[in-house]
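Since this is a predicted model, take the numbers as computed values, not measurements.
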Amino acid sequence: MSPAPGVDRRNRLRRSALRDRGAMKHAVYAPGAQMLRHTDEHGDPLHHWCYPLADPRWVSAREALHMRPDDPVIGLEFDGGSWALPWWIMKNHHVANLVLNGRAALVALCEVCSSAAAFDPVIEGRRHTFRLEGLYNGTIMLKDYETGSLWSGVTGAAFEGAMEGRVMERLPALQSTWAEWMELRPDTLVPDGEGESREGHGAGHVPGSPMVGPDMRGMLQHADLRLPHYELVLGVLAGAAARCYPLAALAGAGRVLNDTLGGEDIAVFWRPGTWMASAYRRQLDGRTLTFRSEGESVVDEETGSRWEISGVAGSGPLQGRQLRYVHSGVEEFYIWAAFHPETEIYGHAADAGAAADRDGWTGSAYPAPVRQAIRSRWWPRDTKLLAVGCGDGMIAAWLAEMGLKVVGVDPEPGNIERARTCFRGLRRLRFRVADLRRPVAFDRRFDAVLDHGYLHRLDPGARAAYAANIAAAAAPGARFLLLMPVPPEQLRERIRNVRQLFESTFELVKARSVPLPAEAGEGTPSGVAFRLVRRP
């Protein structure tokens, strides 16, 4: 099989895959790994997205009318050139075997764990080419055509076959939106997108998406509960030392952080409000540079030179000099910790967050009534939903991934800042600070409302104002799901209280006892799921 099928072949494979649509078929290949079965019983391909991208037709940013400003991309720079690989193209292949300005490069994307890594595939003088082969330790597994060895698409390490123990050198790559990358590199090239689809396998994922399927979760060799699984972090390796820097924590450090890891003086560069982050050694010409943020620039104390996020000095005495890249990349915390179980977490106390997830996986136990509202189409796709007391935004983000148009509100600015940082890429999701105990002006009325734990925290004197504001935000016929922890002995009283609170504006159509996800320090509480419908 050729490692570089052309557009016509990709289209034929895609049609065949659609014709043979069905459940993904797996076979165990190596300990902790699953190999995708590539063909059906007739020999026809099952998964068009197992075939790598190779030799795409590159077009300039000016010609890239197929691109959208908020498209996530993987940005690469080599020898004066710059290239962007869109997620929506890469999710159709997961692997790209490229030659950029004469340099071979391997790019691998796992849209589930948000890992986008570039590697030098030339090993001992021989270029290796790759394709997606299956799953390993919660992410993608690659196979090289030359030896048939199996490799991690996240670490670039071979774990089985003739190349076992080899590790490819990681190359710098930045994740960003198309608009952000064009602002940074307006002369960038991008594949023309011919024959590619935005729909189908992998559609809807962006950096920090919370959905991880049970197959991927179940094969993790190590699950770390110190941070939410979807938290975007910059993972950095220096020698044998591993540390990750949550992007939310970097917000307080400006555009640069001076640090030491594994005996190396390093600098973490970051563009606030983006997914762009990378790490570099601070040693240059035998001296250690110390960096600081100065407005929208990064400046070194020693020479006053100004530095770009690519680690290149854009002006000053060191103009044109390049800092040495340190193995680093942005991905979700769970996958970084799966491959680096001894990782340190920047800005994180050793015992903080240990109770973040009592069931072993953040977000795996979305409240059953919320899942049922989606499965039963009580909330159909494209429903405009208001998520009240959204907290860290996890459930709001999941609902957006399910196809709803969600506005999450919370009275705590810190919660909203964190939610925006974690889920800024989801197109159907917005967050704002709002306290429903006071009148709030929305630019729309909502077809659905979710309260999964806000009302029961309010003082009794504030509940009437809350109910009035919910009624004002809800359109006639809007479907309101209210979840509330209630001890069994108070069930009847609480149902009566809710009916009285909303009786003038909502009809209570169902109230049933349900288990609710535990809060920190509590067991799984009993609760009530109320379904209410806004009166005309």
Side-chain angles (χ1 to χ4, degrees), residues 111-114 138 204-214 216-217 223-233 246-249 275 331-337 348 352-374 379 385-434 448-454 457 481-483 485 515-522 524-525 527 529:
E111 70 274 18
V112 174
C113 68
S114 303
H205 283 280
V206 295
S209 296
M211 287 198 299
V212 181
M216 302 286 268
R217 292 202 305 266
D224 193 322
L225 310 183
R226 288 178 290 171
L227 293 177
H229 78 269
Y230 56 83
E231 182 98 10
L232 287 176
V233 302
L247 298 192
W275 304 308
E331 55 199 49
E332 293 178 34
F333 174 69
Y334 85 89
I335 205 64
W336 171 259
H348 191 273
D357 181 17
R358 296 294 181 180
D359 71 353
W361 185 263
T362 304
S364 64
Y366 298 108
V370 176
R371 300 198 304 271
Q372 179 60 26
I374 295 293
W379 289 335
L385 179 137
L386 176 66
V388 180
C390 65
D392 66 1
M394 178 68 176
I395 293 178
W398 180 75
L399 289 170
E401 288 199 297
M402 293 294 98
L404 277 62
K405 299 175 181 177
V406 183
V407 174
V409 299
D410 196 276
E412 295 295 331
N415 286 343
I416 294 300
E417 181 180 359
R418 181 180 180 85
R420 285 172 174 163
T421 299
C422 289
F423 303 118
R424 62 181 293 270
L426 292 179
R427 295 189 179 97
R428 294 171 171 262
L429 180 63
R430 291 191 297 115
F431 293 103
R432 61 175 288 189
V433 177
V449 180
L450 169 65
D451 178 336
H452 54 92
Y454 184 71
R457 297 178 181 275
L481 179 60
L482 171 63
L483 306 182
L516 296 177
E519 299 179 6
E522 300 178 2
T524 301

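Contact detail for Cys113 and Tyr334: the closest heavy-atom pair is CB-OH, 3.2 Å. Pairing each heavy atom of Tyr454 with each of Gly389, the nearest pair is CD1-CA, 3.9 Å. The minimum heavy-atom distance linking Val233 with Pro246 is given by the pair CG1-CA, 3.8 Å. In this structure, Leu481 and Pro369 approach most closely via the heavy-atom pair CD2-O, 3.7 Å.
The list of salt bridge (Lys or Arg N to Asp or Glu O under 4.0 Å) pairs with a residue in residues 417-432, not counting sequence neighbours, reads Asp70-Arg427, Asp71-Arg427, Glu180-Arg424, Glu231-Arg418, Asp382-Arg428, Arg430-Asp443.
Side-chain contact between Glu332 and Leu232 is present, with heavy atoms from C-beta onward closer than 4.5 Å. Considering only heavy atoms from C-beta on, Ile395 comes within 4.5 Å of Pro367 through its side chain. Two residues are said to be in side-chain contact when any heavy atoms from C-beta on lie closer than 4.5 Å; Phe333 and Pro228 fail this criterion. Looking at Tyr230 and Cys422, their side chains come closer than 4.5 Å, going by heavy atoms from C-beta outward.
Residues that satisfy the ring pair (Phe, Tyr, Trp, His ring centres under 6.0 Å) test with Trp275, not counting sequence neighbours, are absent from this structure. Applying the ring pair (Phe, Tyr, Trp, His ring centres under 6.0 Å) criterion to Trp398, with sequence neighbours excluded, gives Tyr366. Looking at residues two or more places apart in sequence or on another chain, you find a side chain to side chain contact (heavy atoms under 4.5 Å, CB included) between Ala419 and Phe431. Here Met216 pairs with Cys110, Val112, Leu135, Val212 under the side chain to side chain contact (heavy atoms under 4.5 Å, CB included) rule; sequence neighbours left out.
In this structure, OG1 on Thr421 lies 12.0 Å from CG on Asp392, to the nearest 0.5 angstrom. Going from atom CG of Asp224 over to atom CD1 of Ile335 covers 12.0 Å, rounded to the nearest 0.5 Å. For the atom pair His205 NE2 and Leu426 CG, the distance stands at 10.0 Å (nearest 0.5 Å). Note that CG of Leu399 is 6.0 Å distant from CH2 of Trp379, once rounded to the nearest 0.5 Å. Distance SG/Cys390 to CG/Leu450: 10.0 Å, rounded to 0.5 Å.
Side-chain atoms of Glu401 do not come within 3.5 Å of backbone N or O of Ser209 as any donor-acceptor pair.
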Show me the donor-acceptor pairs, under 3.5 Å and distance only, between side chains in residues 404-412 and residues at least two apart or in other chains.
| unit_1 | atom_1 | unit_2 | atom_2 | d |
| --- | --- | --- | --- | --- |
| Asp410 | OD1 | Glu412 | N | 2.9 |
| Asp410 | OD1 | Asn415 | ND2 | 3.1 |
| Asp410 | OD2 | Gly391 | N | 3.0 |

